[in-house]
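One structure is given below, encoded as structure tokens.
In what follows, every chain begins at residue 1, and chains take the letters A, B, ... in the order their sequences are listed.
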Number of protein chains: 4
Amino acid sequence: MAEEDRKTVRSQVKDPDLIRKRHLQIGIKASKLFAKKGYAGSSMREISKATGITIGNLYDYITKKEDVLCLVFDAFYSTWTENLKKHGVFDIEDPAEQLRAAVRKMLELVHNYQDMALLMYRESKHLPKDFLKITLQKETEFIECFEKILKKGKEQKVFNISDPFFAASMIVYQISFESLRGWSLKGRYTDEEIMTYLEEIIMKSVT
Amino acid sequence: MAEEDRKTVRSQVKDPDLIRKRHLQIGIKASKLFAKKGYAGSSMREISKATGITIGNLYDYITKKEDVLCLVFDAFYSTWTENLKKHGVFDIEDPAEQLRAAVRKMLELVHNYQDMALLMYRESKHLPKDFLKITLQKETEFIECFEKILKKGKEQKVFNISDPFFAASMIVYQISFESLRGWSLKGRYTDEEIMTYLEEIIMKSVT
Amino acid sequence: MAEEDRKTVRSQVKDPDLIRKRHLQIGIKASKLFAKKGYAGSSMREISKATGITIGNLYDYITKKEDVLCLVFDAFYSTWTENLKKHGVFDIEDPAEQLRAAVRKMLELVHNYQDMALLMYRESKHLPKDFLKITLQKETEFIECFEKILKKGKEQKVFNISDPFFAASMIVYQISFESLRGWSLKGRYTDEEIMTYLEEIIMKSVT
Amino acid sequence: MAEEDRKTVRSQVKDPDLIRKRHLQIGIKASKLFAKKGYAGSSMREISKATGITIGNLYDYITKKEDVLCLVFDAFYSTWTENLKKHGVFDIEDPAEQLRAAVRKMLELVHNYQDMALLMYRESKHLPKDFLKITLQKETEFIECFEKILKKGKEQKVFNISDPFFAASMIVYQISFESLRGWSLKGRYTDEEIMTYLEEIIMKSVT
DNA sequence: CATGAATGAGCTTTCATTCAT
DNA sequence: AATGAATGAAAGCTCATTCAT
């Protein structure tokens with residue numbers, strides 16, 4: 001209880017199943033609200049309305065407004081990783097094939113949750129210190145997935161890169177391109193073009 | 001530059017020189033504050049303290065808090081473009097040489113104003129509509145500088161890219177890598193390593 | 001009276017009984033404050049103190065300071081019309097008798113709520129447009145009560161007037177005489193004298 | 001200097017002619033502003049703009065914002081009495097004729113300065129105590145003009161009134177009818193009709 | 001005398017948070 | 001567990017007034 005402190009959002013309620021259910025409910029509904037109005041721009045009243053939980057009851061499941069943001073990040077990572085596991089990307093043997101599949105899958109995911117990716121960049125500043133650390137840890141683990149693929153490809157001499165981790169970081173970064181810079185491309189390119197170009201650029205950068 | 005700009009932030013004060021001076025003062029000091037506490041998280045009283053201008057006087061130079069953010073963006077673009085012009089990047093003939101020089105220069109700039117790049121991504125949401133349009137225009141012009149280099153290189157067959165504008169957008173995006181994802185690299189790489197790797201990756205992506 | 005009114009001042013609070021109670025409380029207490037210091041001269045903090053409702057809670061029952069003024073007008077008209085109905089003025093048959101009774105009753109009322117009449121003249125400028133319309137409508141209805149009496153009297157040749165509505169307007173105006181010009185009479189006449197003279201003048205003006 | 005204190009608005013400036021000129025200028029221009037936006041609703045900045053005197057200079061002729069209101073009242077009484085003297089109302093011998101002439105003249109005056117009359121009712125609350133006393137004195141003197149006419153008429157048995165001063169007060173009050181209640185008549189009556197009816201009612205009230 | 005930049009108290013309003021029911 | 005009324009600190013912004021030039 002002392003060391004494991006703050007790994008999750010504290011709640012007054014006893015029933016753990018109810019807590020899980022409500023926490024997910026809050027995270028999902030609030031994420032849509034935050035995407036539209038931002039974290040600071042959303043009041044607890046609005047969060048209450050969006051989640052369908054009265055304001056007093058909301059505070060039975062959280063202790064501060066920050067917690068709602070943590071729940072949003074939690075919910076996001078849940079759906080994100082879940083979606084990724086469903087498609088057996090990591091079963092592919094050929095590194096180039098595998099990388100292309102992973103990148104394409106991720107691009108689709110980011111495309112579908114565009115606001116979310118942007119949201120996480122924008123609002124991570126408001127996360128409490130200890131939760132931020134956890135988040136960064138999760139991101140690092142995510143990068144390491146790509147690092148693994150790159151390392152294998154480098155050993156097999158199919159990839160020509162100097163530093164696998166650095167390259168993996170850049171790939172993960174590039175995947176968010178549409179979310180963060182999409183506005184400067186909208187009108188010039190179709191969604192499919194954007195994803196095709198991105199895939200192409202990323203693949204070329206490693207070969 | 002003196003007559004045509006500053007139509008966006010109106011002030012009560014009549015002396016145009018004083019306005020320019022104070023606007024710059026506000027933009028620079030507030031940018032440091034915003035980088036630390038964010039736009040929404042910084043109160044007008046804090047901005048007043050940071051700029052050294054009393055709150056009432058501050059409102060002689062702006063009309064809304066938004067305006068401070070505009071001044072931050074303004075100040076940023078001023079120093080940014082100014083710095084870029086100083087080094088005769090656009091005199092270089094060889095496209096590859098030219099691109100490398102431009103990228104390296106920009107990487108150094110972004111490195112020195114790290115918080116700023118992140119700030120601009122994070123807070124552009126809070127810009128008023130009309131000012132946002134101007135900002136996007138400035139960004140597009142910036143991208144087009146790189147597009148021009150890429151086009152020339154493509155014609156000379158030194159660059160192998162399918163869409164120069166898209167590639168230019170990606171390069172500009174990659175240049176901000178350190179600002180937006182730097183935390184995942186800190187501790188693993190020195191500043192110099194980061195810039196060298198970035199330069200290498202960007203150059204490879206076009207050849 | 002319960003369902004149809006109070007569409008003008010919206011509140012966050014859900015319990016309609018509580019809303020009615022608080023709205024009346026605000027209207028009455030604020031009216032005394034406004035009479036003393038004027039609408040513009042009374043701060044929300046003072047209104048809060050005067051009503052005994054904390055400032056945040058106050059804003060659960062109103063949306064703008066204007067609303068407080070509306071509630072003052074509401075409360076005034078409520079007590080005004082209520083008081084008038086209590087005394088069966090409109091049952092009297094003889095027009096002259098009826099007019100004299102109505103005037104006398106009104107004079108007493110205005111005398112008891114002296115500051116209020118003055119307040120309403122002074123502050124109606126600050127009412128929001130739509131509410132002002134409602135207020136004027138209520139006043140017109142009030143004038144029409146007197147118009148009706150005058151019309152009947154004119155038909156029965158007991159009153160000698162050229163335009164009943166105009167005359168009714170003037171009577172209603174004269175009734176507020178004490179509120180608006182009382183200061184120039186204080187010291188010269190007793191309260192009872194003022195009312196007697198007023199009654200006399202008004203009655204003579206129609207015969 | 002001790003007893004006569006505060007009879008007028010104090011000024012830093014030495015030249016008495018300039019003071020008079022500026023005071024009148026301020027009073028006239030500010031009156032139009034106050035009529036539109038009210039005393040409390042007009043800022044010193046607006047007053048400065050309306051008068052064409054810079055804010056600092058303004059404070060060379062006044063000491064507080066209140067003073068501007070005093071100057072408005074002063075300017076008003078100046079033009080008012082001036083206008084009244086021009087027409088030789090007080091030379092008429094027959095009391096009824098004289099009263100009718102005075103009333104008609106005043107009605108025209110009030111009609112032309114409608115906003116002003118309303119303004120004075122509304123804003124007299126904001127006058128400093130000592131100045132208010134002077135204002136009331138001036139008003140009383142004005143009422144006494146009518147009282148004199150009524151007294152003469154009463155002695156000659158052409159007027160049938162019980163208390164001349166009270167009746168005079170009421171007449172002065174009725175003269176402002178259009179200013180204070182005009183909105184409820186607009187649309188129903190022409191300006192000329194209003195004045196004719198008013199004259200008729202007032203004359204009947206004394207005979 | 002005139003100018004207008006500077007001051008800071010005070011205004012209206014919002015909002016995270018608590019707590020009696 | 002759930003409700004929503006109540007709290008008050010703090011936010012953005014205005015404005016009468018001063019004062020150096």
Checklist line | 5' precedence on DNA chain E between D/Lys14 and B/Val13 (nearest-nucleotide basis) | finding: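 Result: D/Lys14.
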Note to self: Any carboxylate oxygen within less than 4.0 angstrom of a Lys/Arg side-chain nitrogen, looking at C/Asp17 and C/Arg20?
What the structure shows: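 So C/Asp17 pairs with C/Arg20 through a salt bridge.
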What's the [atom1]-[atom2] distance between [X] and [N], to the nearest Å?
X	N	atom1	atom2	result
A/Asp15	F/dA1	CG	P	6 Å
A/Lys49	F/dT3	NZ	P	14 Å
C/Tyr61	F/dG4	OH	P	13 Å
C/Asp60	F/dT3	CG	C1'	14 Å
D/Asp67	F/dA16	CG	P	13 Å

Check: Heavy atoms under 4.0 Å, any strand shown: does D/Leu18 hit a base, just sugar-phosphate, or nothing?
Finding: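 The answer is sugar-phosphate, as D/Leu18 gets under 4.0 Å only of primed atoms, P, OP1 or OP2.
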Any idea which heavy atoms bring [X] and [Y] closest together, and the distance?
X	Y	answer
D/Met120	D/Tyr77	CE-CE1, 3.7 Å
B/Ile47	B/Lys65	CD1-CE, 4.3 Å
A/Tyr59	A/Gln12	O-CG, 4.3 Å

Next item on the list: Would you confirm whether C/Gln25, through its side chain, and C/Thr51, through its main-chain N or O, come within 3.5 Å as a donor-acceptor pair?
Entry: yes
Check: Looking at CG of B/Leu132 and CG of B/Leu136, how far apart are the two atoms once the value is rounded to the nearest 0.5 Å?
Finding: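 So the gap between those two atoms works out to 4.5 Å.
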Note to self: For F/dG8, give the paired nucleotide (Watson-Crick: N1-N3 plus N6-O4 or O6-N4; G-U: N1-O2 and O6-N3; both under 3.5 Å), or none.
What the structure shows: E/dC15
Item checked: For E/dT21, the Watson-Crick or wobble counterpart (both distances under 3.5 Å) -> F/dA2
Sequence neighbours excluded and cut-off under 3.5 Å, please list the side-chain donor-acceptor pairs for residues 32-41 of chain C, or say none.
{"unit_1": "C/Lys37", "atom_1": "NZ", "unit_2": "C/Glu46", "atom_2": "OE2", "d": "2.6"}
{"unit_1": "C/Tyr39", "atom_1": "OH", "unit_2": "C/Glu66", "atom_2": "N", "d": "3.1"}

Next item on the list: May I ask you to check whether over 12 heavy atoms, not counting those of C/Lys125, lie within 6.0 Å of atom NZ?
Entry: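 For C/Lys125, atom NZ is crowded (more than 12 foreign heavy atoms under 6.0 Å).
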Check: First contact, last contact: which nucleotides of DNA chain E are these for chain C, 5' to 3', heavy-atom distance under 4.0 Å?
Finding: E/dC11 to E/dC15
Can you name the atoms? Protein N/O to nucleotides 11-14 of chain F N/O, anything below 3.5 Å, with the distance.
{"unit_1": "F/dA11", "atom_1": "N7", "unit_2": "B/Arg45", "atom_2": "NH2", "d": "3.4"}
{"unit_1": "F/dG12", "atom_1": "OP1", "unit_2": "B/Lys65", "atom_2": "NZ", "d": "2.7"}
{"unit_1": "F/dG12", "atom_1": "OP2", "unit_2": "B/Met44", "atom_2": "N", "d": "2.6"}
{"unit_1": "F/dG12", "atom_1": "O6", "unit_2": "B/Arg45", "atom_2": "NH2", "d": "3.2"}
{"unit_1": "F/dC13", "atom_1": "OP2", "unit_2": "B/Tyr59", "atom_2": "OH", "d": "2.6"}
{"unit_1": "F/dC13", "atom_1": "OP2", "unit_2": "B/Lys65", "atom_2": "N", "d": "2.8"}
{"unit_1": "F/dC13", "atom_1": "O5'", "unit_2": "B/Tyr59", "atom_2": "OH", "d": "3.3"}
{"unit_1": "F/dC13", "atom_1": "N4", "unit_2": "B/Arg45", "atom_2": "NH1", "d": "3.4"}

Notebook entry, point to check: Going through the distances and angles, do C/Tyr61 and C/Val13 end up as a side-chain contact (heavy atoms from CB on, under 4.5 Å)?
Noted result: CA-CA 7 Å; C/Tyr61 295 97; C/Val13 174; 3.5 Å; yes
